[in-house]
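Letters A, B, ... are given to chains in the order of the sequence lines, protein chains preceding strands, and every chain is numbered from 1. For clarity, every value in this text was computed on a predicted model and none was experimentally measured. Only this structure's heavy atoms are used, side chains among them; waters, hydrogens and symmetry mates stay out.
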Amino acid sequence: MPELPEVETVRQDLSRVLVGQKLSGMEVGRPRSLRHPDPSTAARWIEGGTVLGVGRVGKHLLIEVDRPTGDTDGRSLVVIHLGMSGQLWWLPSSTAAHRHAHVRIFGESANELRFVDPRTFGWVAVARAAEVATVLPVLERLGPDPLSGDFDATVLSRRIGHRQGRLKALLMDQTVVSGLGNIYSDEVLHAAGLRWDRPACSLDPREIVALHDQIVRVLSDAVSCRGSSLADSQYRDLYGLPGRFQERHRVYARAGKPCARCGETIRKERFGGRSTFFCPSCQT
DNA sequence: AGATGTACCTGGTGGC
DNA sequence: TGCCACCA
DNA sequence: GTACATC
């Protein structure tokens with residue numbers, strides 16, 4: 001399941017191969033995977049354009065394309081969310097078709113960007129720069145990205161406010177802070193020594209600082225390890241290679257094993273229909 | 001506002 | 001081997 | 001991973 005570190009890893013690799021690349025077309029195999037607009041209009045908006053840069057906010061990838069032929073303004077944005085099982089592959093466009101390759105974006109170098117997504121929860125959207133906010137309101141509602149400049153303990157404290165909900169729900173709420181999912185919220189909470197079911201507003205200033213610091217530290221470490229690839233899992237980078245951060249997980253998928261910090265047995269509980277891992281002793 | 005359940009999908013795993 | 005419940 | 005309905 002791609003979260004911020006996995007998306008950031010793909011962004012870095014994508015930036016290397018895509019910036020300066022001229023795009024020659026786009027093909028949509030599964031309409032459901034294209035959020036906006038229709039396939040032929042989407043193709044028209046990127047055809048002949050050159051990639052200026054690849055950005056990211058939270059779990060969203062933003063590919064910036066200039067439009068030399070542009071009808072209104074000069075730029076388009078290709079926005080991609082990988083959902084639970086989405087992958088992006090950069091390969092020769094002659095490579096054999098794949099059952100779950102739902103969107104293909106062709107580069108001039110005879111390579112293509114393939115959006116592969118078995119579970120189909122991910123999506124691709126194309127928007128003209130001026131209409132992004134209108135067409136994808138979800139982007140406007142995102143909370144600060146932890147690896148950007150606008151996230152500090154004060155911001156986090158203000159965003160926690162008087163929220164009574166559980167800490168893990170807060171971390172996974174993309175409108176509070178963007179990029180954390182099931183794996184990294186568990187890892188961050190363990191690193192900060194906080195229980196997942198603490199009411200968010202029960203944190204004292206010292207704990208808020210610890211939480212902020214560990215959000216930044218855990219995500220940064222995970223990026224430098226190129227993300228997490230679970231045993232049965234879905235995440236692979238642009239070239240099909242797994243990340244290494246799963247080797248550093250301290251709680252996620254480690255139920256029954258000893259806590260690396262205190263030796264107590266890691267527990268697994270159910271929260272919001274998904275697994276939550278924590279140390280019952282050193283997370284308070 | 002918060003908690004809970006359901007829906008959207010496919011594929012791999014482990015049990016019997 | 002097939003079917004199925006369970007998980008991501 | 002997310003959106004939405006319901007208590």
*B/dC9 and C/dC3: how far apart are their P atoms, nearest whole angstrom?*
24 Å

*asked:* Starting from A/L91 and following side-chain heavy-atom contacts under 4.5 Å between hydrophobic residues (I, L, V, M, F, W, Y), which residues can be reached?
replied: A/W89, A/V116

*Which of these nucleotides, B/dA3, D/dG1, C/dC7, is closest to any side-chain atom of A/S275?*
C/dC7

*Give a yes/no verdict on base stacking between D/dT2 and A/F121: centres under 5.5 Å, planes within less than 30° of parallel.*
no

*Which one, B/dC9, C/dA8, D/dT2, comes nearest to the side chain of A/M84?*
C/dA8

_Residue A/M1, side-chain heavy atoms: nucleotide from D/dG1, B/dC8, B/dT4 that is nearest_ = D/dG1

*Which nucleotide in the list B/dC9, D/dT2, B/dG2 gets nearest to the side chain of A/Q164?*
B/dG2

*Under 4.0 Å between a side-chain N or O of A/R119 and OP1 or OP2 of D/dT2?*
no

*Under 4.0 angstrom between A/H100 side-chain N/O and B/dT10 OP1 or OP2*: no

*asked:* Of the listed nucleotides (B/dG11, B/dT4, B/dC9), which one gets closest to any side-chain atom of A/P118?
replied: B/dG11

*Could you tell me whether the side chain of A/D145 and the main chain of A/G58 form a donor-acceptor pair under 3.5 Å?*
yes

_Between B/dA3 and C/dA8, how far apart are the two C1' atoms, rounded to whole Å?_
23 Å

*Between B/dC9, C/dA8, D/dT2, which one does the side chain of A/K59 approach most closely?*
D/dT2

_Backbone of A/S109 reached by a side-chain donor or acceptor of A/Q21 within 3.5 Å_ = yes

*Establish, with yes or no, whether the OP1 or OP2 oxygen of B/dT10 is under 4.0 angstrom from a side-chain nitrogen or oxygen of A/R99.*
no

*Looking at A/H60 versus A/W123, is the centre-to-centre ring distance below 6.0 Å?*
yes

*Nearest of D/dT2, B/dC9, C/dA8 to any side-chain atom of A/Q174?*
D/dT2

*Base, sugar-phosphate, or nothing for A/D117, non-hydrogen atoms under 4.0 angstrom?*
nothing

